[in-house]
Amino acid sequence: MPKERRRIVFLNRSYWPDIEATGQLLTDLCVGLADRFDVHVVCGQPNSPEADSPYLHAGAESRDGVTIHRLTHYQFAKKNPFGRILNLLSFYFSARRFLRRVEWGADVVVSETDPFLMPIAGAEFAKRVGAEHCVYLQDIYPDVAEAVGKVRVPFVAPLLRRKLRVAYKNASRIIVLGRCMRKRLANPPWGIHRDRIEIVPNWSDCQQIAPIAHRENEFRNRHGLSDAFVVMHSGNMGLTQRLEMLISAAAQPHWPERAKLLLVGNGASRDKLLEHTARLNLPAGRVEFVYYQPRNQLAESLSAADLHVVSMHENVTGCLCPSKLYGIMAAGRSVLAIADPQTDLCQTILERDIGWCVRPGSANAIADAVAEAEAESRRASTSDFVNRQRRSRHAAIRDFDRPVIVKRFAQILSSILSDHAVDLANHDLHDASISQKYSASDSGIALTL
């Protein structure tokens, strides 16, 4: 008789068919784990669903071995800050109600951070069904909101942090994306013990994303990029990227003439970035915006760049680790990081020698780095530039490929389950010892009588 698989329940608003990064990553992870565990996902409505991907808008369905429990909630436009808050809160309360009434249990509950309050509901559900609780942090809130100046009401951030800290301290494990995130959680005001914080970076699928030569790249052909040195930012255009500084760099006099800045994606800051670009009166075609590309064309769009930019607000160090880095590496491209040197982003790039790092806040420094990369690509011997690209692809396969990270995550889940079994055994032994003690005492009383 086959052994019953242990049930793992993930909690996160974004999941397939959402093309947002956290949803795609969680989908990859759950599908990868489904051959070892009975995987369930409690999720919400997608913000950006894949085209031609029909899905059940409410209720349970199965896909790729994963049971999906999709809940309804508000879906106001993301450009409306108040609407975004209502969206997150409505999903949180919808998930909390659902978890309070479901009749099935779990062995491990994994709470992600979309919305960031989710670990509170996850801890409550895990306690109710006797499961272990694991917190999986794609970002650390309210720290991110504080860093970008979005917490304006006094005492709100400390109150939220205290409530989340209880859930974190009681969790079996906390999984973060990098060393800088672990350091932030281990230090005040969080004060989480380092031994309970595991590092599991995000990943890319190196089978789906592989380098495509420029001469064979349809994305470059469609957008007329044949002779350009393409500097690309691909992904979300939000508050934590500070992309206005990157656009300002393209206005600097030493920005290379043939370097074209391409911003691929969408986000809350896109309209403001378009306005900022218009105000600079840049040469025609120097900066262009392109919407998100279909996932099956991601290898084309990422390979179309000569240099990718990953930008982080200077105040968010340790709050998050950009997942886009690993898709860039899978595509075998060099990276320009605009970030604090203490971030895992910069340390990964420098340790593997796959690009350049500059501190945030200087358009001149960004333009200098782009000029250096462009000059390196034009030299008679471009071995340095080509070798960076080769190292990037090699590191992606060795350290950040999807099967490598899924295996690491599965090992952590197995460790949590093993610890849980030991705790149960010790609890049973303790109960048995007490029972024997009272039995012996009862026997002694009977003999005395």
Side-chain angles (χ1 to χ4, degrees), residues 12-14 20-23 25-26 78 81 84-85 88 111-120 134-153 156-165 167-169 171 173-194 196-202 233 235-246 267-269 309-326 335 337-349 357-361:
N12 196 60
R13 195 274 316 163
S14 184
E20 291 187 353
T22 56
L25 286 163
L26 182 57
K78 289 182 69 177
R84 292 182 72 185
I85 293 172
L88 295 175
S111 301
E112 284 209 50
T113 48
D114 180 7
F116 67 89
L117 292 170
M118 211 66 238
I120 297 173
C134 174
V135 177
Y136 182 21
L137 297 176
Q138 290 288 332
D139 40 37
I140 299 176
Y141 271 84
D143 298 30
V144 173
E146 285 183 306
V148 298
K150 286 298 178 180
V151 180
R152 297 186 176 93
V153 181
V156 168
L159 175 63
L160 290 172
R161 192 177 287 111
R162 281 198 301 272
K163 289 184 174 295
L164 288 167
R165 187 170 177 269
Y168 294 178
K169 288 182 77 70
R173 297 285 198 290
I174 299 172
I175 298 175
V176 296
L177 306 180
R179 291 164 287 186
C180 56
M181 289 180 71
R182 181 172 64 183
K183 182 178 179 180
R184 177 176 280 266
L185 281 183
N187 289 337
W190 289 101
I192 308 296
H193 201 287
R194 290 175 65 92
R196 293 174 51 252
I197 305 173
E198 303 273 4
I199 296 176
V200 181
N202 280 328
H233 177 277
N236 185 51
M237 302 176 195
L239 297 172
T240 62
Q241 284 87 21
R242 294 290 297 270
L243 294 177
E244 68 279 359
M245 191 61 65
L246 173 61
S269 296
V309 177
V310 183
S311 181
M312 291 178 65
H313 193 293
E314 59 269 25
N315 294 340
V316 301
T317 299
C319 294
L320 51 86
C321 295
S323 61
K324 68 185 68 176
L325 173 64
Y326 310 112
V335 191
I338 307 171
D340 188 296
Q342 298 303 311
T343 59
D344 272 57
L345 169 64
C346 283
Q347 291 175 11
T348 298
I349 291 168
C357 294
V358 299
R359 288 183 177 275

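Because only heavy atoms are used, hydrogens play no part in the values below, and waters and symmetry mates are left out as well, while side chains stay in. Each residue takes its place number in the sequence, starting with 1.
- Classification of Arg13 and Glu112 as a salt-bridged pair fails, no side-chain N sitting under 4.0 Å from a carboxylate O.
- A donor-acceptor pair is defined here as one N or O able to donate and one able to accept, closer than 3.5 Å; no such pair exists between the side chain of Asn202 and the backbone of Ser323.
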* Can you check side-chain contact (heavy atoms from CB on, under 4.5 Å) on Val135 and Ile175, steps first, answer last? -> CA-CA 6 Å; Val135 177; Ile175 298 175; over 6 Å; no
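- In terms of heavy-atom proximity, Pro142 sits nearest to Leu164 at CD-CD1, 4.4 Å.
- A pairwise comparison of heavy atoms in Arg182 and Ile197 identifies CG-CG2, 3.6 Å as the closest pair.
- Checked by atom type and distance alone, the side chain of Asn12 pairs as donor or acceptor with a backbone atom of Asp114 at under 3.5 Å.
- At most 12 non-hydrogen atoms from other residues, nucleotides or ligands lie less than 6.0 angstrom from NZ of Lys163.
- Panel note: side chain Arg196, backbone Lys169; a donor-acceptor pair is recorded below 3.5 Å.
- Between Lys324 and His233, the side chains place a donor N or O and an acceptor N or O closer than 3.5 Å (distance only, hydrogens not considered).
- For the atom pair NE2 (His313) and SG (Cys319), the distance works out to 10.5 Å, reported to the nearest 0.5 Å.
- Side chains of Arg179 and Gln347 form a contact here, defined as non-hydrogen atoms less than 4.5 Å apart.
- A distance-only check finds a donor-acceptor pair linking the side chain of Asp344 to the backbone of Cys180 [under 3.5 Å].
- In this structure the side chain of Val200 never reaches within 4.5 angstrom of the side chain of Leu177, judged on heavy atoms.
- Taking the centre and axis of the six-membered ring of Trp190, the NZ or CZ atom of Arg184 falls outside the cone set by 45° and 6.0 Å.
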* To do: Begin with the C-alpha distance, continue with both residues' side-chain angles, and end with the deciding distance and a verdict on side-chain contact (heavy atoms from CB on, under 4.5 Å) for Ser269 and Leu239.
  => CA-CA 7 Å; Ser269 296; Leu239 297 172; 4.0 Å; yes
* To do: Under the side-chain contact (heavy atoms from CB on, under 4.5 Å) rule, what do Ile349 and Cys357 come out as? Steps first, then yes or no, please.
  => CA-CA 8 Å; Ile349 291 168; Cys357 294; 4.1 Å; yes
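- Atom SG of Cys321 sits about 6.0 Å away from atom OH of Tyr326, to the nearest 0.5 Å.
- Nearest heavy-atom pair, Ala337 versus Cys346, reported as atom, atom and distance to 0.1 Å: CB-SG, 4.1 Å.
- For the atom pair CG of Leu88 and OG1 of Thr113, the computed distance is 10.5 Å after rounding to the nearest 0.5 Å.
- Here the closest non-hydrogen pair linking Met181 and Leu137 is CE-O, 3.5 Å.
- Between the CZ atom in Arg173 and the SG atom in Cys134 there is a gap of 8.0 Å [rounded to 0.5 Å].
- Taking all atoms of both residues into account, the shortest heavy-atom contact from Pro360 to Ile338 is CA-CG2, 3.8 Å.
- Side-chain atoms of Leu320 and Ile140, non-hydrogen and from C-beta on, never get closer than 4.5 Å to each other.
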* Step by step, work out the side-chain contact (heavy atoms from CB on, under 4.5 Å) result for Leu160 and Leu117. => CA-CA 8 Å; Leu160 290 172; Leu117 292 170; 4.0 Å; yes
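- Contact check for Arg161 versus Asp143: side-chain heavy atoms found under the 4.5 Å cut-off.
- The minimum heavy-atom distance between Met312 and Ala339, with the atom names listed, is CB-CB, 4.1 Å.
- Looking only at distances, no side-chain donor or acceptor of Gln138 sits under 3.5 Å from a matching main-chain atom of Thr22.
- No side-chain heavy atom of Ser111 sits less than 4.5 Å from a side-chain heavy atom of Tyr136.
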